[in-house]
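Working notes, structure below.
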Amino acid sequence: MRSLFLFIGMIVFTSSVMCQTLVGKWVTIDEDSGVKKSQIELYKKDGKLYGKITYLYPKEGREANPKCTKCEDYRKNQPWIGMEIIKDLVWNGSEWEGGTVLDPGSGKIYSLTMWIDPENSNWLYARGYVGPFYRTQHWKKES
């Protein structure tokens, strides 16, 4: 009987983690320094996942709301805050994939995959790709 309750508890826990959504506000963190960089709001639109910058943490030498001077699309010279930098992610059953992310500092656009950390739902992974090469960031859920 005890094993049955343990089994049911594990199923409930696993289901709740699997159903976690990325929708909400997340803090991006510099991998090298551990310093907060920005706050990104992830939201769904037409069944896809998108994200925009809602806050930039102060950084020495950078203006409070810089413009995307290196962007080559419709975001050229637009302010970073409010800018949609994540587009068109689709849920594949275990992670969000097939979308893109813009680095407003460089103007470069990367393929993107995102998923919740399976050990802690307050963290997510954002992995940007260029061909077979990638870089993964760890973002923290805004409390």
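Trp80 and Tyr57 fall into different hydrophobic clusters, where Ile, Leu, Val, Met, Phe, Trp and Tyr side chains are chained together by heavy-atom contacts under 4.5 Å. Side-chain heavy atoms closer than 4.5 Å link hydrophobic residues (I, L, V, M, F, W, Y) into clusters, and following such links, possibly through other members, connects Leu89 to Trp91. Put simply, Tyr50 and Ile109 are part of two different groups of oily side chains (I, L, V, M, F, W, Y) that touch within less than 4.5 Å, one to the next. Both Val23 and Val101 sit in one connected hydrophobic cluster of ILVMFWY residues. Membership requires side-chain heavy atoms under 4.5 Å apart, directly or through other members. Residues Ile86 and Tyr55 do not share a hydrophobic cluster, defined by chaining ILVMFWY side chains whose heavy atoms lie under 4.5 Å apart.
Between the Ser38 side chain and the Thr28 main chain, no donor and acceptor come within less than 3.5 Å of each other. A donor-acceptor contact shorter than 3.5 Å is absent between the side chain of Lys25 and the backbone of Leu42. Judged by distance alone, with hydrogens and angles left aside, the side-chain atoms of Asn120 form a donor-acceptor pair with the main-chain N or O of Asn122 at under 3.5 Å. Side chain of Asn65 to main chain of Pro79: no donor-acceptor pair is present (N/O by atom type, distance under 3.5 Å, no hydrogens or angles).
Tyr134 and Tyr129 have tilted rings, their planes meeting at an angle from 30° to 60° on a 0 to 90° scale.
Side chains of Lys59 and Val35 form no contact here, defined as non-hydrogen atoms less than 4.5 Å apart. No side-chain heavy atom of Trp26 sits under 4.5 Å from any side-chain heavy atom of Gln39. Ile81 places none of its side-chain heavy atoms less than 4.5 Å from the side chain of Thr54. Looking at heavy atoms from C-beta onward, Met83 lies in side-chain contact with Leu102 at the 4.5 angstrom threshold. In this structure, Ile53 and Ile40 have side chains that are in contact, with non-hydrogen atoms separated by less than 4.5 Å.
Here the NZ-CD distance, from Lys140 to Glu142, works out to 8.5 Å after rounding to the nearest 0.5 Å. To the nearest 0.5 Å, the span separating SG on Cys68 from CG on Asp73 amounts to 7.5 Å. From Lys48, atom NZ reaches atom CG of Asp88 across 4.5 Å, with rounding to the nearest 0.5 Å. With rounding to the nearest 0.5 angstrom, the CG atom of Asp103 is 9.0 Å from the SG atom of Cys71.
Counting heavy atoms of neighbouring residues, nucleotides and ligands inside a 6.0 Å radius, atom OH of Tyr74 exceeds 12 of them.
When the options Lys52, Lys45, Arg75 are evaluated for a salt bridge (Lys or Arg N to Asp or Glu O under 4.0 Å) with Glu84, the one that passes is Lys45.
Each salt bridge (Lys or Arg N to Asp or Glu O under 4.0 Å) pair with one or both residues in residues 28-44, not counting sequence neighbours, appears once here: Glu31-Arg135.
We find that Arg127 and Glu95 are not joined by a salt bridge, their nearest charged nitrogen and carboxylate oxygen being 4.0 Å or further apart.
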(message) If you apply the rule side chain to side chain contact (heavy atoms under 4.5 Å, CB included), what do you find for Trp115 with Leu124, and how did you get there?
(response) CA-CA 6 Å; Trp115 67 95; Leu124 71 76; over 6 Å; no

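Across Met114 and Ala126, no two heavy atoms sit closer than the pair CE-CB, 3.9 Å. The two residues Ser106 and Lys70 have their closest heavy-atom pair at O-CB, 3.4 Å.
Under the ring pair (Phe, Tyr, Trp, His ring centres under 6.0 Å) criterion, Tyr43 pairs with no residue, sequence neighbours left out.
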